[in-house]
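Here's the structure we're looking at; comments come further down.
Heavy-atom basis, side chains included; hydrogens, waters and symmetry copies ignored. Just so we're on the same page: letters track the sequence lines, and every chain starts at 1.
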Amino acid sequence: VRARQARIALPPSAAPALPAALVALSYYLAAHVGFALTPQGSAISMLWPPNALLTAALLLSPPRQWWLLVAAVLPAHLAAELQSGVPLSMVLGWYVSNCSEALLGAGAIRLACGRAPRFDAFRDLGIFLLLGALLAPLLSSFLDAALVTLLDWDGGYWRLVSARAPSNMLAALLVVPLVLTWAQAGGAALRAPARRLLEAGLLLGGLTIVSLLVFNWLDPGARRAPALFYVPLPFLLWAAVRFGAIGVSSANLILAAAAIWGAVHGLGPFVDGTRQDNARDVHLFLIAVTVPLLLLAVLLDERRHVELQARAQRQQLAHLSRVALMGGLSGALAHELNQPLTAILSNAQAAQHRLASGRLDGAELGEILRDIVAADRRASDVIHRLRALFKSGETQLRELDANDVVREVLDLAHGDLSMRHVAVVHRLEPRLPKVRSDRIELQQVLLNLVVNACEAMSGVVARERVLKVETRRGAGASVEIAVLDSGPGFATSAEALFEPFYTTKPHGLGLGLSISRSIISAHGGRLWGCAMPGGGAAFHVQLAAALPAGGHPTLVQ
Amino acid sequence: VDDDGAVLTALTRLLTSEGLEVRTFASSREFLAQHGPGRRGCVVLDLAMPEAGGLEVQQALRDDECGLPVVFLSGQGDVPTSVRAMKAGAVDFLTKPVEAVALIGAVRRALERDAIQGRIAGLTRREREVMAQLLQGKLNKQIAAELGASEKTIKVHRARVLHKMQARSIAALVRLCEHARPE
């Protein structure tokens, strides 16, 4: 791969040239957006996105390429600004203040985060808000106002600062999270299932209509109704809760675009004061809306992230304990494979013997072949189930028949049960409601209970080793699976058995039951044990019944 | 005796293809229930079965003082179990899946042992006493003195023992009896 890259390699400086050109082009376009959002007769745009865009670009590229990006936006800056008839010295001054804002913001964030900030981490968002959205626009506004006053192009230092700073803060709040979240997670977001894309479309479409309605279309008499400001809120919360930072930053952009467009063109609620008042109101409104929404979205993202991590860990642990469980059963599983192999070999050799002695008729050969095929299928079923249990994968909750799972587990444990001379009695209630569960994980839990029960009975005389497995409808709309043994029961409280690392076996890890319980809890069910009055232990798994396909409102506990 | 129907059918086919007569039992309980003291032949026992495994069945047979020879068939031939089984008088301890030659060989040996035991059972008490002495390598005169009988009578008994045991010589008789009781 390296050799091929070398052959088609561009000159070393050409690799970052493409992104630099792209940044320059976006800067140029963003400047025009800024001009379009500058009210008539004002020097300061209501939203000036180029600086924030440059900040985002710097954050996304390695610091050693920053000089290139900064250099690349100079022609874009000149091309955009010189069209507006501003003196060259002022244009260059603005270039300095714009770049200083981007460099200051990106540099400080990078130093504090140690990398490009991620908007699924609360700490990174805090750093961005403080350094990128507050400090950098404010400090660069001092510089900008000083330059403007120095060059005597416009008067009023503090007026300039107070007008430019909020405008640039808002731009940073809108543009940086938008660009970063889309650059970091946009691909994955677009590959989401169609239903989610449809939901996102509905959300953004709805928000666009509502925002246009409130900030642009509504009849001037209704403009000052404060309640109208809250109409977009449901959509914004929807974005935060369902789509996280990427959703909120996209939704914020739509809201801001509508509000600012209205204010610039004398539409909507921000038109009654002086030009400065209107701009300040729009900025305050949008900053006050976007900051908490970003915080909320990132908080939810982070929680989701932690939950996913915990789930992945639980799955990993479940898989490991499953592998350990299967390792303990390996002797019994060899037996399970040996049985059909024995049947196949003996059937085939019987046929050979009869063939050799000329006593094989077609009907008998057919029977022998049929038995060989059946035994072979049986062996491959064992392997198939084993492979499924060894697989580690996402938990997949499906509607299952608990009786099927019980039968599969008893099949799997058959070898172990035989080797330990345990007789099995199962009483499975017919026509049980389905349960929502992961087949493999439920098998694991039941297998673990069965193995435990067998081990508990090792001290009992062979003819009294009885394993009972029962299924029945439980309280409420639930299904209960009980595994009962005829062992000595247990001396401790039943709850102690579920503590991690509690074990009564010489080589046990003591994790089986605690992992089983966490699996069943994750299925929304319960797992508990009790000693039975006549001796022996009983373990119960209770799972909520799934809603039947017909949509009968069977109540779930 | 095997709790697995498919294995039972396959082994039956194999053994009947050798011209052997086979009766099958799906559990040790079923086998022990139908088992009578006069039954001859041999038993092929699965080691791992619910309730009572092969070793327990072997023990039950010994408790009944039934000499039915046992061939064990096991999924996993671990050494301690096989030693226990052989010490308790098993003819062979085979692991599944079993080769036809090995199984048939073991069954034939077991049947031979059973046949010899049958012949021993056909001896009278006196003949058995004489045989025990013969096996110790004693001469007719010594045996006569030991049992308090005339040498001529012992000679007759000795001829009957050899005839009933289908042995041509004392050496052959010793071999036969060693084969019948490996303990």
Side-chain angles (χ1 to χ4, degrees), chain A residues 330-360 364-365 367-379 410 413-425 454 457 460-467, chain B residues 1-20 22 24 26-30 32-33 44-60 71-78 80-81 94-107:
Chain A
S330 60
L333 293 167
H335 173 90
E336 271 313 272
L337 280 178
N338 254 334
Q339 293 296 98
L341 286 178
T342 305
I344 290 170
L345 182 64
S346 297
N347 271 319
Q349 287 185 328
Q352 281 176 332
H353 278 221
R354 284 180 188 230
L355 200 59
S357 58
R359 284 182 292 121
L360 187 66
E364 192 169 17
L365 180 64
E367 243 173 66
I368 289 177
L369 290 177
R370 193 200 59 207
D371 283 1
I372 288 177
V373 169
D376 199 299
R377 292 227 170 95
R378 195 173 133 199
L410 289 178
H414 179 263
D416 197 47
L417 294 165
S418 296
M419 275 164 60
R420 296 168 180 276
H421 314 308
V422 172
V424 180
V425 179
C454 288
M457 290 187 283
V460 178
V461 227
R463 61 196 78 238
E464 281 170 20
R465 292 176 198 165
V466 181
L467 175 82
Chain B
V1 187
D2 197 313
D3 61 325
D4 190 313
V7 172
L8 217 50
T9 314
L11 292 178
T12 306
R13 274 200 192 112
L14 184 61
L15 293 172
T16 50
S17 77
E18 279 294 296
L20 295 162
V22 181
T24 57
S27 75
S28 37
R29 184 198 299 229
E30 194 185 311
L32 287 174
V44 179
L45 266 181
D46 181 30
L47 200 66
M49 284 182 290
E51 294 170 40
L55 286 176
E56 282 84 349
V57 174
Q58 188 188 26
Q59 186 60 46
V71 173
F72 277 108
L73 212 47
S74 120
Q76 70 305 315
D78 67 298
T81 317
L94 303 169
T95 50
K96 287 180 185 171
V98 64
E99 281 294 334
V101 184
L103 179 67
I104 290 162
V107 167

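Both the backbone and the side chain of A/Glu367 come within contact range of chain B, each with at least one heavy atom under 4.5 Å from a heavy atom of that chain. In this structure, chain B has heavy atoms under 4.5 Å from both the backbone and the side chain of A/Ile368. Looking at B/Leu94, neither its backbone nor its side chain comes within 4.5 Å of chain A, counting heavy atoms on both sides. Looking at B/Thr16, the atoms closer than 4.5 Å to chain A (heavy atoms on both sides) sit in the backbone and in the side chain alike.
Looking only at side-chain heavy atoms (C-beta outward), B/Arg13 and A/Asn347 come within less than 4.5 Å of each other. The closest side-chain heavy-atom distance from B/Ile104 to A/His353 is below 4.5 Å.
Annotation for A/Leu341 and B/Pro97: closest pair CB-CG, 3.8 Å, computed over non-hydrogen atoms. Of all heavy-atom pairs between A/Arg378 and B/Ala6, the closest is NH1-CB, 3.8 Å. When every heavy atom of A/Gln349 is checked against every heavy atom of B/Ala100, the shortest pair comes out as OE1-N, 2.6 Å. When all heavy atoms of B/Asp2 and A/Gln339 are compared, the closest pair comes out as OD1-NE2, 3.6 Å.
For A/Arg370, the CZ atom is densely surrounded, since the number of other residues' heavy atoms within 6.0 Å is greater than 12.
In terms of heavy-atom pairs under 4.5 Å with chain B, the best-connected choice from A/Pro340, A/Ala356, A/Ala350 is A/Ala350. Interface remark: of the candidates A/Ser346, A/Ser357, A/Ala348, A/Ser346 forms the most heavy-atom pairs closer than 4.5 Å to chain B.
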Side chain to side chain contact (heavy atoms under 4.5 Å, CB included) for B/Leu55 and A/His421? Distances and angles first, verdict last. CA-CA 11 Å; B/Leu55 286 176; A/His421 314 308; over 6 Å; no
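Atom CG in B/Asp4 sits 8.5 Å away from atom OG1 in A/Thr342 (nearest 0.5 Å).
Among residues two or more places apart in sequence or in another chain, the side-chain hydrogen bond (donor to acceptor under 3.5 Å, both in side chains) test is passed with A/Asn338 by none.
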